[in-house]
Every structure is written in C-alpha cells, then in structure tokens.
Amino acid sequence: MHILYNVSSVKARIGCRDIGKTVRLIAYGKERNRSRKGNRSMSEVLKVEEIFAGKVFTLGRMKERLPKNVYKEVRKVMDQGGELSLATADVVAKAMKDWAVENGATHYTHWFQPLTGITAEKHDAFVTHPDEDGRMIMEFSGKELIKGEPDASSFPSGGLRATFEARGYTTWDITSPAFIKETATGPTLCIPTAFCSYTGEALDKKTPLLRSMEALSRQAIRIVRLFGNTEAKKVVPSVGAEQEYFLVDAKKALQREDIIFSGRTLFGAPAPKGQEMDDHYFGVIRERIGGFMHDVNIELWKLGVTSKTQHNEAAPAQHEVAPIYESANVAVDHNQLVMETLKRVAGKHGLRCMLHEKPFAGVNGSGKHNNWSITTDNGMNLLEPGQTPNENIQFLLVLACIMKAVDTHADLLRQSASNVGNDQRLGGYEAPPAIISIFLGEQLEDVVAQLVETGKADSLKEGGMLRTGVSTLPDFVKDATDRNRTSPFAFTGNKFEFRMVGSADSIGSPNTTLNAIVAEAFCEAADRLESAEDFEIAVHDLIKEYMTKHQRIIFNGNGYAKEWEEEAARRGLPNIPSMVEAVDTLTTPKSIRLFEKFGIFTEAELHSRAEVLYETYAKTVNIEALTMIDMANKQIIPAVMKFAKSLADTSIAVQQAGGDDFVSTELLKTVTGKLTEAKKAANALLEAEEHASAMAQGKEQAFFYHDKVVSAMEALRKPADELEKLVDKEYWPFPTYADLLFEV
Ligand code: ADP
Ligand code: MG
C-alpha cells in the first residue's frame with residue numbers, strides 16, 4: 001500500500017511569500033504504524049510536502065487552472081485592490097468548483113466571522129435545476145462566489161440593523177484563499193468572506209481588519225519613501241498567533257454542566273497538586289495527547305496552516321500550538337481554523353478541547369500570543385533593528401511611532417484584548433495585568449534613554465557571550481533582547497508580541513487596533529517629515545520628541561508585581577481591570593477620530609460594537625449564573641444532604657453502640673453549616689440573576705452583572721468548593737479537578 005494522502009503536490013503559495021520555504025521546513029518523514037487499524041501498511045510515510053495545502057485553492061492551483069489573463073486579473077486585485085469583472089469571476093468560480101468537486105465537495109459556503117467571535121457558515125449545494133432529461137449539472141457562478149446574502153437578522157449587530165431590514169451581505173475576501181473543510185457533512189468549499197449590512201456597515205471582524213491593513217499600508221509606505229525606498233508598493237502586517245488550550249477527557253467533561261454550557265469550571269476545589277512542580281511545561285507529551293497533536297497537524301497542514309510548534313504548557317492538561325506567521329488577515333482566518341480543528345479532532349480522540357481563558361481556577365489560564373510585525377512587499381521588516389539599532393534611523397523612527405501609538409491608545413489596545421473569559425485571567429499571576437506597557441529589552445531601552453537624554457545614541461550595549469562552562473559545549477553570543485514573559489507588549493527581536501489576547505477570542509480586533517494606532521502615528525510623523533526643510537534634523541528631533549514624551553510606556557520589570565500597578569498609576573497609565581470597563585474606550589472622541597480618519601470604523605459602527613460587547617457580557621455571565629444555580633440546587637446540595645444523612649446515621653449508630661462519635665458529629669456540623677451557607681448563596685445568586693435579566697440590555701445591565709452577579713457567583717462557589725473538600729468522593733456529583741486535570 002502506498003501513501004494515504006494522495007493529493008497533488010503543487011507547491012503551496014498562499015498568503016505569505018515564505019510558505020514554500022515553510023513547507024520544506026516542516027516537512028518530515030515519519031513511519032506511521034497503522035497496524036492497529038489492520039488495513040494499512042506498517043511503513044506508510046507521512047509526506048507533509050504532499051499533503052500540505054492539499055485542501056486549499058492556492059495561487060498555484062489558480063495558475064494551473066485559470067487562463068493566463070484571468071489569473072493575471074485575480075493577482076492584480078489581490079495585490080492592488082479593485083474588483084473582479086463578473087466575467088472573470090465566472091471563470092474563477094467554475095475552476096474553483098471543478099477543483100472542489102474533484103475533491104468530493106458537494107456544497108459551498110461563504111465563511112464569515114460575525115461579532116460572535118466565531119465563524120459562521122450556511123451551506124449550499126452546487127446542484128441546479130435538472131434538465132428535461134432529468135440530468136443535473138453541478139454549477140457555481142461568479143455572482144455566487146463574489147456575493148452571498150445570508151439572512152443576517154440573527155447575528156449581533158448592536159442596533160445597526162433592525163430585524164425587519166435583515167439583509168446582510170457576504171463578499172469574497174480575495175486575499176484569503178478558499179479551502180475545503182472536511183467534516184461529517186462531507187467536504188465543503190469554504191470561501192472566506194467579509195460580512196456587511198445592506199448599508200455597508202461592517203457586521204464582522206474581517207471588514208475592519210482589512211480596512212486597517214490598507215490604512216497601515218498607505219501610511220507605512222510614506223515612511224519608507226522618506227528613507228528612499230521607491231520600490232515597495234505596499235506594507236503588510238504579519239501575524240503569528242500562538243494558541244494555548246486545555247485537553248480533558250470528554251466523558252468526564254460531559255458530566256459537568258459548567259463545562260458544557262460555559263466552557264469553564266464554575267466550581268472546583270484545587271487538586272492536591274497544581275503546577276508548582278513545573279513538571280508539565282515542555283514536559284514529555286503523553287501518548288494520548290501525542291496522537292491528538294499528530295492528527296491536528298495533519299488536518300491543519302491540509303488546510304494550508306503551517307502548524308509548526310507544539311508543547312505542553314505550564315498548567316497540567318494545558319498545551320500550545322503555533323503556526324508560522326503570515327499576512328494578518330490570513331492569520332486571523334487560520335487561527336479560527338486552528339480553534340475549530342482543535343475542537344473537532346479532540347472529539348475524535350475522546351477528548352474535549354477547552355479554549356476558555358480560565359477553564360480552571362488556581363492554575364494558569366490560556367492566552368493567545370499575537371506576534372506582529374510589518375513588512376514591505378519587497379521583504380523589508382520595519383521592525384528589524386539590524387546589528388546597530390542605535391544607527392538605524394528608520395528603525396528608531398518606527399519604534400518611536402509605535403511607542404507613541406501604544407501610549408496614546410493604551411486604553412484601546414487593552415480593550416481589543418478583552419472578553420468575558422479574559423477577565424478571569426488578566427491580572428492573575430500567570431498573565432499580564434490589565435495595564436499596557438512595552439518591554440524593549442536592555443539594549444533598546446538604553447538606546448531610548450540615550451536618545452531622550454542627549455538626542456544621540458552613540459553606544460550600544462552588546463549581548464555579550466553566554467559561557468556554558470563545559471569544554472564540549474559551544475559558547476553563544478547572547479541575544480540582546482532577553483525575554484520578559486510578564487510584559488503585555490514585548491519586543492522580541494523583530495516583532496512585538498501582544499500577550500494579553502484571550503485564547504478563545506478572534507485575533508481580528510487586536511490586530512485591527514494595532515494596525516490602526518500605528519497607522520495614525522506613521523501618518524502624523526510623515527505629515528511632519530514630508531514637509532520638513534531639513535529631513536535629517538527633522539527626523540532626529542521627531543524621534544527625540546516622541547521617545548521623550550512616551551517613554552513612560554516602557555517598562556522592563558516584572559509586570560506581575562504589585563509595585564508595578566502602583567508605579568503605573570504614578571506614570572498615569574490606564575489600568576482597566578475588566579471588559580465592561582474597557583468598552584467605553586471605543587467611543588471616546590479620541591477613538592472616533594482615529595478610526596474615522598482612517599476609514600476603519602464609522603462612529604455608528606463603534607457604538608454598535610460597544611452595544612454588542614455589553615450584550616455579550618451580560619448574556620455570558622447570565623448563562624454562567626444559571627448554570628451555577630442549577631448545579632448547586634440539583635447536584636451539589638442534594639449530594640451533600642445525602643452525605644449529611646449518612647453522617648447523622650453514623651453518628652447515631654456509633655453513639656448507640658457506645659463508640660466515640662466525635663468525628664461524625666463534628667463533620668456533620670461543619671458540613672451542614674456550609675450547606676446552609678451554600679443554599680443561601682444560591683438563593684442570593686438567583687435573586688441577583690433575576691434582577692439582572694429583567695433589566696434593559698445595555699451598559700447598565702452589563703455593569704450590574706459585573707458588580708452584583710459575578711460577586712454572587714463567587715459567594716456561592718466558596719462554600720461549595722469547601723464542601724467538595726469535605727464530602728466523601730463517592731457522593732460528589734461530578735468529576736473533580738484532580739479527575740479532569742491529571743487523568744487524561
Ligand atoms: P515563543 O518562544 O514566543 O513561545 P513560538 O515559536 O511559540 O515562540 O512562537 C513565535 C511566533 O511568532 C510564531 O508564530 C512565529 O511564526 C511568529 N513570528 C516570528 N517572526 C515573526 C514576525 N516577524 N512577525 C510576526 N510573527 C512572527
Ligand atoms: Mg510559544
């Protein structure tokens with residue numbers, strides 16, 4: 001028997017230029033032992049180069065299947081924008097459909113990203129009306145490719161579109177490749193699309209992202225032109241998103257309503273062991289998890305996602321996967337596919353993948369490190385400092401602009417990484433606090449300090465040598481930027497790593513905001529420098545001015561320390577502890593000015609997003625509260641009562657038999673005391689929830705959930721978790737942290 005995945009080996013070229021290289025990088029040959037299934041050879045070799053992007057309508061496939069002039073027109077629109085003519089779209093649609101049908105697809109869908117934060121799809125078969133002989137020919141037109149019209153009334157719109165004007169349009173995002181998704185419904189051709197209302201307002205995460213990429217490109221081009229780059233035509237933000245997740249046994253997870261309904265545990269006493277031994281991080285990957293990761297990689301590679309790095313994370317049952325970076329909008333799409341694939345493949349392995357930011361209290365939560373850089377289409381990374389950053393004026397200008405952008409809009413950046421789950425994570429001991437600051441590393445911080453002080457940076461701190469002290473091991477030249485894992489926004493060599501983003505969230509918003517704020521800083525710098533009489537002096541002055549003014553945003557110390565919060569307050573940096581408190585940052589005059597100026601959001605769109613966020617917060621907390629009440633009243637309290645009864649019976653029996661009933665009596669007292677506390681807390685939570693859900697939707701309601709319902713939830717959790725530690729395991733109604741985290 002030969003290869004399992006017999007897909008054409010057209011070199012994959014999608015999204016980013018490096019992918020061809022990437023494929024070779026990740027290629028490996030591995031003997032797969034499939035003997036368990038009986039029908040496959042013992043020595044099948046997984047040929048990654050052959051399966052990679054096998055389910056993607058890549059540029060290579062387009063080139064192969066489209067007439068030259070059509071392909072040229074597609075490339076032109078991809079690179080320079082504009083619209084495809086309907087005639088061209090028809091030809092592309094037919095080629096795409098033929099390829100999809102050859103791969104078994106019967107349906108297509110416009111795949112989009114509404115404000116729910118996940119993806120949406122509505123499948124249509126390629127079938128058409130049969131002819132008079134009853135024959136049917138599968139068809140797909142250019143119009144169907146370019147535009148879809150899903151009934152949009154059931155997607156969040158924050159008041160932008162009343163239900164009676166339910167029209168919404170999906171339009172093909174030609175810059176992100178179409179792909180075939182293989183699920184139980186059969187192979188389906190997915191066309192990445194943007195989602196807008198009848199009047200053109202964005203109803204999704206994709207549209208503003210694409211707008212922000214164009215804005216950033218226009219302004220960044222002005223910057224590189226100032227330094228004599230006349231060749232670059234556009235500048236593209238690149239993103240590599242590291243995805244953290246938990247894996248638990250599906251059967252056990254399904255015994256817990258909290259995991260089913262809210263994706264996290266709402267009750268649960270800590271297991272005797274947590275992550276204090278540091279024995280999970282980078283630990284040997286267990287067999288069951290290894291099998292899962294292997295299948296995830298295969299699925300992702302087929303979809304053209306360059307899954308590259310995998311490891312165990314800090315908390316027990318926590319893991320990470322990271323692809324290679326690519327153009328921001330493709331990275332946003334691919335991250336959605338990563339999340340979807342993790343969940344789907346987990347199901348096949350009898351596992352459940354938890355993407356929530358804080359699935360278990362007391363151990364680390366999950367984030368998504370959003371690595372971001374900006375590169376010209378002729379390959380120059382504007383964040384590359386080179387050997388002598390102190391002399392690299394273009395780099396210093398870009399850095400100064402980013403300092404200005406992040407300091408000016410720290411509130412917006414923090415907002416872009418907020419969601420309901422992240423409220424549980426940010427500010428904990430494992431994640432950055434809710435204060436934005438920039439980590440530059442010793443070398444760059446010193447360069448900035450010199451520039452601020454004297455206007456010149458003559459010296460450069462070297463990384464120095466790392467001596468291993470073992471004659472057979474080489475000594476290394478140390479990196480000049482060490483890592484700082486506590487910083488929310490860290491410079492790591494030639495990119496910034498935005499570490500605040502939540503694990504379950506789309507990376508659309510954080511990247512839209514980043515692109516927007518940096519575009520603004522570039523624009524203001526370019527306005528001044530383009531009209532300067534003496535460019536050298538002007539750029540020098542501007543770098544010094546920006547760095548001096550915004551130096552307060554730089555912090556190289558321990559971001560988790562309490563002292564930093566105090567220091568940040570002294571520096572006047574915003575500390576926005578929760579999602580609901582961050583929403584208002586979207587609609588300040590400063591924010592509206594920024595987003596309107598660069599055509600990323602209209603004021604109406606910003607207000608609608610704020611509305612959606614308040615609604616989402618309220619709905620999510622409401623589900624959590626109801627779940628807790630249900631679990632408390634129907635599971636925990638009855639179980640504890642049974643246990644109390646057995647203690648009472650024991651007490652009486654021991655007494656009658658003349659024994660010492662100290663233990664059973666004392667335990668009975670403690671348990672029934674906490675039971676009373678739990679029942680009262682459940683009643684109070686119900687009351688708070690009923691009050692909250694009767695309120696009108698909006699800011700006030702969201703704040704009520706945040707201020708009153710969340711604290712009532714905590715008040716219920718406390719006695720319930722204490723009871724879990726006291727009650728006989730036989731009586732406890734669902735799997736515990738120990739069962740979930742250590743028995744996968
Ligand atoms: P870490 O050590 O931070 O955990 P990983 O290797 O897990 O690093 O992930 C780093 C991520 O950063 C990868 O997705 C990688 O492709 C991405 N990356 C590397 N260089 C760039 C760049 N210039 N721009 C954007 N992302 C980048
Ligand atoms: Mg990593």
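Remember, it's 1-based here, ligands and their atoms both numbered in the order they're listed. Quantities reported herein were computed from a predicted structural model and do not represent experimental measurements.
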**Student:** Between His334 and Glu326, is there a side-chain donor-acceptor contact under 3.5 Å, judged purely by atom types and distance?
**Tutor:** yes
**Student:** Tell me whether ligand 1 is touched by His311 - counting only heavy atoms on the residue side and a distance under 4.0 Å.
**Tutor:** no
**Student:** For Asn494, counting its heavy atoms only, list the atoms of ligand 1 lying under 4.0 Å from any of them.
**Tutor:** 23 (N)
**Student:** Does Lys308 have a heavy atom less than 4.0 Å from any atom of ligand 1?
**Tutor:** no
**Student:** Just which atoms of ligand 1 are under 4.0 Å from any heavy atom in Glu320?
**Tutor:** 7 (O)
**Student:** Looking at Tyr546, does the NZ or CZ of Lys404 lie under 6.0 angstrom from its six-membered ring centre and within 45 degrees of the ring axis?
**Tutor:** yes
**Student:** Need the ligand 1 atom indices (1-based, order shown) with element for anything under 4.0 Å from a heavy-atom of Gly240.
**Tutor:** 14 (O), 26 (N)
**Student:** Under the rule for ring-ring contact (aromatic ring centres under 6.0 Å, His included), what residues qualify as partners of Phe489, not counting sequence neighbours?
**Tutor:** Phe496, Phe498
**Student:** More than 12 non-hydrogen atoms from neighbouring residues, nucleotides or ligands closer than 6.0 Å to CD on Glu231, yes or no?
**Tutor:** no
**Student:** At a 4.0 Å threshold, what atoms of ligand 1 neighbour a non-hydrogen atom of Pro323?
**Tutor:** 13 (C), 14 (O), 16 (O)
**Student:** Hey, are Asp423 and Lys358 close enough for a salt bridge, meaning a charged N less than 4.0 Å from a carboxylate O?
**Tutor:** no
**Student:** What are the two closest non-hydrogen atoms of Cys353 and Ala346, and how far apart are they?
**Tutor:** N-CB, 3.7 Å
**Student:** Any idea which part of Glu497 is under 4.0 Å from ligand 1, heavy-atom wise: side chain, backbone, both or neither?
**Tutor:** side chain
**Student:** Is Ala241 in polar range of ligand 1, meaning some N or O pair under 3.5 Å apart?
**Tutor:** no
**Student:** For Ile324, take its heavy atoms, then give the atoms of ligand 1 lying under 4.0 Å from any of them.
**Tutor:** 16 (O)
**Student:** Quick one: does Trp372 get an N or O within less than 3.5 Å of an N or O on ligand 1?
**Tutor:** no
**Student:** Can you confirm whether the side chains of Gln275 and Asn364 place a donor and an acceptor under 3.5 Å from each other?
**Tutor:** yes
**Student:** Below 4.0 angstrom from a heavy atom of Asn381, which ligand 1 atoms are there? Numbered from 1 as shown, please.
**Tutor:** 23 (N)
**Student:** For Pro488, check side-chain contact (heavy atoms from CB on, under 4.5 Å) against everything at least two apart and list the hits.
**Tutor:** Pro432, Ser437, Met500
